[in-house]
There are 2 protein chains.
Amino acid sequence: MVVQAELSDSEVDRIFRALADATRRDILRRSLDSEASVSQLAAAYDMSFAAVQKHVAVLERAGLVSKRAVGRQRAVRGNPERVERARALLDRYEQIWRRRIERLDALLADDLTAEH
Amino acid sequence: MVVQAELSDSEVDRIFRALADATRRDILRRSLDSEASVSQLAAAYDMSFAAVQKHVAVLERAGLVSKRAVGRQRAVRGNPERVERARALLDRYEQIWRRRIERLDALLADDLTAEH
DNA sequence: CGCTTGTACAACCATAAGGTTGTAGATTAG
DNA sequence: CTAATCTACAACCTTATGGTTGTACAAGCG
């Protein structure tokens, strides 16, 4: 099992920032489903090629997709490992909440015991 | 079981946008762990009260926290349901990728069969 | 070779984000 | 009642974001 380094705050910032745009989420979905060139992606949206190119760049800087040269094209593919990392972060928040509930439950149990 | 409405694109935008800042993620963690007033939260960061207040407002608009009036204080508490929703979205991306792999595996199996 | 296609990137613009200070209203403490 | 505390919000500033157009260059096509 590969132990991964903790993501820095700014890396996490970039990941969630990249996910905070519907076009980028759609590009991520497509590129997880199958590789597509930047121009193929661009054809799918009602905006300039350059705009789509920028969105891909934001995803790339966040590590959510990577590009591979195929002739003059750049094949974009999603990086499931990064998505998993983001999901794991949210899992931790849920754990924090669950631990809180456990503490509260324990307190309540103590109170009931004390009432004897 | 409560069936939940799909989150709109802009709701998802707000959720991930809210998560894309280290201070806000920390506020979310704290408020999932235990309720805290805005001023208690503000004391924890090296920025003005108003700045922290704005961060709380961003989290609130995203539905990640809610506020409850307690005298003159506003108790901020995290909303685990929303965190779960965000996590579920990322799960879907991972599923998309897994389905792709399954398709590729199926193709490979066909090829091997064809070679007989 | 010359033309088309695919990409990269700079320059620019409008708006949003993240911070500040200042003012004002509610609530509690003395 | 008066003073202190907690919150809300407006106004302002700087920088980032998301879009545009235009230019440049590499790779395929005929």
Side-chain angles (χ1 to χ4, degrees), chain A residues 8-31 34-78 86, chain B residues 8-31 34-78 86:
Chain A
S8 70
D9 276 350
S10 59
E11 282 176 310
V12 177
D13 286 0
R14 277 195 292 273
I15 292 172
F16 285 124
R17 192 79 192 67
L19 291 169
D21 180 282
T23 303
R24 284 196 294 263
R25 286 193 299 275
D26 200 66
I27 291 173
L28 178 58
R29 262 187 293 266
R30 283 172 191 267
S31 60
S34 60
E35 276 193 351
S37 71
V38 181
S39 53
Q40 282 173 329
L41 290 170
Y45 309 99
D46 186 27
M47 64 182 73
S48 68
F49 175 85
V52 174
Q53 206 178 15
K54 277 194 184 183
H55 282 308
V56 172
V58 170
L59 288 165
E60 195 178 16
R61 267 179 257 125
L64 288 167
V65 307
S66 55
K67 278 187 288 192
R68 187 167 65 90
V70 178
R72 69 185 154 185
Q73 318 209 73
R74 296 293 176 272
V76 179
R77 77 182 150 192
Chain B
S8 70
D9 276 351
S10 58
E11 282 175 310
V12 178
D13 286 0
R14 276 195 292 273
I15 292 172
F16 285 125
R17 193 77 192 70
L19 291 169
D21 179 282
T23 302
R24 284 196 293 263
R25 287 193 299 276
D26 200 65
I27 292 174
L28 178 59
R29 261 188 295 265
R30 285 173 190 266
S31 60
S34 59
E35 277 193 352
S37 70
V38 181
S39 54
Q40 282 174 330
L41 289 170
Y45 309 100
D46 188 26
M47 64 181 72
S48 69
F49 174 84
V52 174
Q53 206 177 15
K54 278 195 185 182
H55 282 308
V56 172
V58 170
L59 287 165
E60 196 178 16
R61 264 179 260 126
L64 288 166
V65 306
S66 55
K67 277 187 287 192
R68 185 167 67 90
V70 179
R72 68 186 157 190
Q73 318 208 72
R74 296 293 176 272
V76 179
R77 78 182 152 193

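Below, read A as the first sequence line, B as the second, and so on, with proteins coming before strands; counting in each chain starts at 1.
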Undergrad: Can you see if the side chain of B:Gln53 gets near the phosphate of D:dA8 - specifically, an N or O under 4.0 Å from OP1 or OP2?
TA: yes
Undergrad: For C:dG18, take OP1 and OP2 only and decide whether either is under 4.0 Å from a side-chain N or O of B:Arg24.
TA: yes
Undergrad: B:Lys54 side chain: which of D:dA11, C:dT7, D:dG19 is closest?
TA: D:dA11
Undergrad: Should A:Ser48 be listed as having a side-chain N or O under 4.0 Å from OP1 or OP2 of D:dT20?
TA: yes
Undergrad: Can you check the A:Ile27 CD1 to D:dG18 P distance for me, whole Å?
TA: 11 Å
Undergrad: By nearest atom, which of the nucleotides C:dT7, C:dC9, C:dT20 is closest to the A:Gln73 side chain?
TA: C:dT7
Undergrad: Do the side chain of A:Arg74 and the base of C:dT7 come within less than 3.5 angstrom through a donor-acceptor pair of N or O atoms?
TA: no
Undergrad: Among D:dT7, C:dG19, D:dA4, which is the nearest nucleotide to the side chain of B:Arg72?
TA: D:dA4
Undergrad: Without decimals, in angstroms, what is the distance between B:Glu60 CD and D:dC9 P?
TA: 10 Å
Undergrad: Mind checking the CG-CD1 spacing from A:Leu19 to B:Ile15? Nearest 0.5 Å is all I need.
TA: 11.5 Å
Undergrad: Given D:dA8, is OP1 or OP2 found less than 4.0 Å from the side-chain N or O atoms of B:Lys67?
TA: yes
Undergrad: Side chain to side chain donor-acceptor pair (under 3.5 Å) with A:Glu35: which of A:Arg30, A:Arg68, A:Gln73?
TA: A:Arg68
Undergrad: If you define the side chain from C-beta out and look only at heavy atoms, does anything of B:Arg17 sit under 4.5 Å from B:Arg24?
TA: yes
Undergrad: Atom CG of B:Asp21 and atom CG of B:Leu28: how far apart are they, to the nearest 0.5 Å?
TA: 11.5 Å
Undergrad: Should B:Ser39 be listed as having a side-chain N or O under 4.0 Å from OP1 or OP2 of D:dT5?
TA: no
Undergrad: D:dG18 P sits how many Å from A:Met47 CE, rounded?
TA: 10 Å
Undergrad: Mind checking if A:Ala42 touches a base, just sugar-phosphate, or nothing, with heavy atoms under 4.0 Å?
TA: nothing
Undergrad: Find which nucleotide of DNA chain D each of A:Asp46 and A:Gly71 is nearest to by heavy atoms, and output the residue with the more 5' nucleotide.
TA: A:Asp46
Undergrad: Here's a test of your reading of the structure: between A:Ala50 and A:Val58, which maps to the more 5' nucleotide of DNA chain D?
TA: A:Val58
Undergrad: Can you tell me the distance, in whole Å, between the CG atom of A:Asp21 and the P atom of C:dA16?
TA: 14 Å
Undergrad: Nearest whole angstrom, please: distance from the C1' of C:dG18 to the CG of B:Leu19.
TA: 17 Å
Undergrad: Please examine the side chains of A:Arg14 and A:Leu64, heavy atoms only from C-beta on, and report whether any two atoms are closer than 4.5 Å.
TA: no
Undergrad: If you measure from OG1 on A:Thr23 to CE on A:Met47, what distance do you get to the nearest 0.5 Å?
TA: 3.5 Å
Undergrad: For A:Ser37, answer base if it contacts any base atom (sugar-phosphate contacts may also be present), sugar-phosphate if it contacts only those atoms, and nothing otherwise; contact means non-hydrogen atoms under 4.0 Å.
TA: sugar-phosphate
Undergrad: Using whole Å, what does the distance between atom P of nucleotide D:dA24 and atom CZ of A:Phe49 come to?
TA: 18 Å
Undergrad: To the nearest Å, how far apart are B:Asp13 CG and C:dA17 P?
TA: 10 Å
Undergrad: Is any side-chain nitrogen or oxygen of A:Arg68 closer than 4.0 Å to OP1 or OP2 of C:dT7?
TA: no
Undergrad: Have a look at B:Ala57 and say if it touches a base, only the backbone sugar-phosphate, or nothing, with a 4.0 Å heavy-atom cut-off.
TA: nothing
Undergrad: Give the rounded distance in Å between these two atoms: CZ of B:Arg61 and P of D:dA8.
TA: 12 Å
Undergrad: Side chain of A:His55, heavy atoms from C-beta onward: which of C:dG19, C:dA17, D:dG19 has the nearest atom to it?
TA: D:dG19
